[in-house]
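These notes concern the structure reproduced below.
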Amino acid sequence: MKQQLEKIESLAKEEILSCDDIKGLDSLRVKYLGKKGEITSILKQMGKLSAEERPIIGQLANKVREDIENTISEKLKALKQIEQDNAIKNETIDITLPGKTKQIGKLHPLTIVANEIKEIFIGMGYSIADGPEVEYDYYNFEALNLPPDHPARDTQDTFYITDNILLRTQTSSVQVHVMENQKPPIRVISPGRVYRSDAVDATHSPLFNQIEGLVVDKGITMADLKGTLETLMRRLYGDDYKIRLRPHHFPFTEPSAEVDVMCFNCQGKGCRVCKNEGYIEVLGAGMVHPKVLEGCGIDSEIYSGFAFGLGLERIVMRRYNINDMRLLYENDLRFLEQF
Ligand code: PHE
């Protein structure tokens, strides 16, 4: 029995020392020290021994068990150390490598200028109104004094969802929403997308942006309109800007005007951008038609107002000397990164 134990010990040590993974070590522990392990099976035979032999063999068995346990735990420690060293080696970061840069986006020029215009008007006490892009015919045309079959509808052909619902052709539709919901004094601007079935060229797109303005109060005159637009243009372009007002017709304003700014591309000489006019029309404006006020429940004997609608793209193009409107929609980063 003594020999058996000694043999087990030397075999176990040999196996443990040559074992090189933690799992294998675990099964060696079971093999030698477990309930059904080799030492236990020897101890089971202790009954056959004489009274003198028993304590000696018992002692030896305990010593062998302890030795094997110690060998296992030392080996385990060594294996764990190797594992940790490997982990550290594998997880090492080379801090001399160049960092990954995050690409931060930029505001689109249309957004930059829209924000500027909002700031200018907020500074003059206006608030911002919003309205739907998918609109009823009533708000886009009829309430703006453009009944069905009115010839001016032809110049604003758009995309129809049903006979009665369309993509709005102008932010003027928001004028009606505001006046239906708010009593004077009213001072709002309303930026947003509008749609027309126009062919794409250097100055036209079927989707573009407008900013509508509406002021309704007692004693509002054309002088207020002109002063407001001059203030806007000076703040946008500087004091030496040139604009011109031309008499015009809109069904929902009376009198009406179109406002032009001098062409940035040719300085008034005439070119492709301004279609040889020397000026570019940037907005339509006028005094709110009494019929429109009355239709929204506002007494036109007491109140008057002005409205204007400006084309954001044209303002942006003049601002940054962009000579083709398509650049604003193509999302070419080489273009957009310049702002
Ligand atoms: N809605 C008009 C257009 O799109 C512009 C406009 C707005 C004219 C407000 C007068 C008053 O052409």
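Not measured: the values here are computed from a predicted model. Both counts, for ligands and for their atoms, begin at 1 and track the order of listing.
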Problem set entry | Counterpart residues, ring pair (Phe, Tyr, Trp, His ring centres under 6.0 Å), relative to Phe306 (two or more places apart) | none
Exercise. Shortest non-hydrogen contact from Pro109 to Tyr320?
Worked result: CB-CE1, 4.0 Å
For this session: Please find out if less than 6.0 Å separates the ring center of Tyr139 from that of His177.
Result: yes
Problem set entry | Aromatic centroids of Phe308 and Phe121 separated by under 6.0 Å | yes
Which protein N or O atoms sit under 3.5 Å from any N or O of ligand 1? Give each pair with its distance.
unit_1: ligand 1; atom_1: 1 (N); unit_2: Gln170; atom_2: OE1; d: 2.7
unit_1: ligand 1; atom_1: 1 (N); unit_2: Ser172; atom_2: OG; d: 2.8
unit_1: ligand 1; atom_1: 4 (O); unit_2: Arg196; atom_2: NH2; d: 2.8
unit_1: ligand 1; atom_1: 4 (O); unit_2: Gln210; atom_2: NE2; d: 2.9

Problem set entry | Over 12 non-hydrogen atoms of neighbours within 6.0 angstrom of NZ in Lys183 | yes
Exercise. Is the number of heavy atoms from other residues, nucleotides or ligands within 6.0 Å of CG (Asp299) greater than 12?
Worked result: yes
